[in-house]
Amino acid sequence: MTTQKIRVAVAGASGRMGREVVKMVLEDETLQLVAAVAPSAGPVDAGVFAGKPNTGVLASASLEEALSGTKADVLVDFTVPQAAYNNAKLSIQYGVRPIMGTTGFTPEQIEELDELCQEKGIGGLIAPNFSIGAILMMKFAAEAAKYLPHVEIIEYHGDQKLDAPSGTSIKTAELISEARKELRQGNPNEEEVIEGARGGYYNGFRIHSVRLPGVFAQQEVVFGGNGQTLKIRHDSYDRAGYMPGVNVAVNKIMTYSGLIYGFEHIME
Ligand code: NAP
């Protein structure tokens with residue numbers, strides 16, 4: 001008996017993450033690449049993005065064209081924050097399960113996309129981070145916040161990143177907020193001599209975004225207590241490190257209904 005392959009469309013296929021996704025899909029015999037989308041894509045073989053030509057799949061500049069013509073099961077999106085929300089909506093409209101790696105979604109958008117997925121009876125995922133190590137860093141940070149509630153987050157990314165703070169730091173901040181009692185940290189009379197010096201404010205604590213060339217993706221969660229600090233740190237060095245997570249998501253999302261926010265909910 002032959003099992004049906006999962007049909008995967010990739011948005012942002014020409015990008016740094018998208019290329020890795022195209023490669024991962026082409027290398028997995030249980031998956032089938034049915035569309036590769038990027039605004040600048042001409043009529044090229046989709047595999048050229050990942051250095052694996054002759055796939056027979058043409059790249060497309062239009063997501064709607066790709067979704068309407070391919071009967072995809074899943075859309076994997078690594079594009080830009082400005083495009084991701086509309087891409088997710090369009091995907092759901094065509095009954096294609098969106099797996100959104102692109103960061104920058106607002107809580108209202110996440111809620112709306114969840115409703116749309118439920119109406120269609122399909123699963124969907126927004127995952128600010130697909131790396132297993134980063135998920136563990138977030139879980140450990142939430143656990144530590146129960147005992148050491150004074151915390152600040154420092155995240156480091158390359159200087160071309162569009163959104164700040166990173167989706168991972170927002171997700172970490174949300175998990176910390178759920179785990180600890182409400183707390184307004186720091187001196188209530190403190191003043192910023194230079195605007196922004198204390199970072200972004202989130203539920204009583206601060207998130208600092210460092211943007212520098214040469215940096216890939218790192219995050220440090222720093223806890224302070226009486227006479228001690230605890231630092232939980234995760235470093236990503238390579239985009240391929242996200243692909244096992246994306247692969248798990250593509251397979252598991254087929255059995256879900258509604259939108260899941262955070263890869264940690266489906267990784268086990
Ligand atoms: P990138 O290299 O700049 O690639 C962006 C891709 O999006 C390109 O294919 C680009 O196509 C396409 N694009 C640009 N503008 C678009 C638009 N208006 N509509 C549709 N597509 C558009 O970016 P990246 O480094 O791959 O990162 C992509 C996203 O993934 C970012 O939001 C990043 O923060 C996120 N990310 C998430 C994770 C995770 O684990 N969830 C990990 C790393 C990165 P052209 O080449 O034609 O311009």
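First listed ligand is number 1; within each ligand, the first listed atom is number 1.
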Using a 4.0 Å cutoff against the non-hydrogen atoms of [X], which atoms of ligand 1 qualify?
{"X": "Lys161", "result": "34 (O)"}
{"X": "Val80", "result": "14 (C), 15 (N), 16 (C), 17 (C), 18 (N)"}
{"X": "Ser40", "result": "45 (P), 46 (O), 47 (O)"}
{"X": "Thr103", "result": "32 (O), 34 (O)"}
{"X": "Ala83", "result": "17 (C), 18 (N), 19 (N), 20 (C)"}
{"X": "Pro128", "result": "39 (C), 40 (O), 41 (N)"}
{"X": "Gly12", "result": "6 (C), 7 (O), 9 (O)"}

For this session: For ligand 1, indicate whether the residue Tyr242 contacts it via side chain, backbone, both or neither (heavy-atom separation under 4.0 Å).
Result: side chain
Measuring from [atom], which candidate in [options] has the nearest non-hydrogen atom?
{"atom": "atom 41 (N) of ligand 1", "options": "Gly158, Ala127, Ala134, Gly167", "answer": "Ala127"}
{"atom": "atom 42 (C) of ligand 1", "options": "Met17, Gln160, Met243", "answer": "Met17"}
{"atom": "atom 38 (C) of ligand 1", "options": "Phe130, Phe78, Phe49, Phe263", "answer": "Phe78"}
{"atom": "atom 28 (C) of ligand 1", "options": "Thr79, Thr102, Val21, Val37", "answer": "Thr79"}
{"atom": "atom 11 (O) of ligand 1", "options": "Ala84, Ala11, Pro39", "answer": "Pro39"}

Side chains of [X] and [Y] only: does a donor on one sit below 3.5 Å from an acceptor on the other?
{"X": "Glu152", "Y": "His208", "value": "yes"}
{"X": "Ser169", "Y": "Ser166", "value": "yes"}
{"X": "Asn247", "Y": "Asp28", "value": "yes"}
{"X": "Gln219", "Y": "Thr172", "value": "yes"}

For ligand 1 and [X], I'd like to know whether there is a polar contact (N/O to N/O, distance under 3.5 Å).
{"X": "Ser131", "answer": "no"}
{"X": "Gly101", "answer": "yes"}
{"X": "Gly18", "answer": "no"}

For this session: Please list all pairs passing the ring-ring contact (aromatic ring centres under 6.0 Å, His included) test where one or both residues lie in residues 240-268, with sequence neighbours left out.
Result: Phe130-Phe263
Identity and separation of the nearest protein heavy atom to [atom]:
{"atom": "atom 4 (O) of ligand 1", "value": "Gly15 CA, 3.2 Å"}
{"atom": "atom 46 (O) of ligand 1", "value": "Ser14 OG, 2.6 Å"}
{"atom": "atom 23 (O) of ligand 1", "value": "Arg16 NH2, 3.7 Å"}

Problem set entry | Glu220/Arg233 salt bridge by N-O under 4.0 Å criterion | yes
Exercise. Is the shortest distance from a Lys or Arg side-chain nitrogen in Lys161 or Asp163 to a carboxylate oxygen in the other one below 4.0 Å?
Worked result: yes
Problem set entry | CA sep, side-chain torsions, deciding dist, call: Lys146, Glu178, salt bridge (charged side-chain N to carboxylate O under 4.0 Å, His left out) | CA-CA 10 Å; Lys146 291 181 195 165; Glu178 284 165 24; over 6 Å; no
Exercise. For atom CD of Glu191, is the number of surrounding heavy atoms from other residues, nucleotides or ligands below 6.0 Å larger than 12?
Worked result: no
Exercise. Shortest non-hydrogen contact from Phe78 to Gly101?
Worked result: CE2-CA, 3.5 Å
For this session: Provide the closest heavy-atom pair for Arg180 versus Gly204 in the form atom of the first, atom of the second, distance.
Result: NH2-C, 3.9 Å
For this session: Identify whether Val222 and Val151 are in the same connected component of the hydrophobic contact network (ILVMFWY, side-chain heavy atoms under 4.5 Å).
Result: no
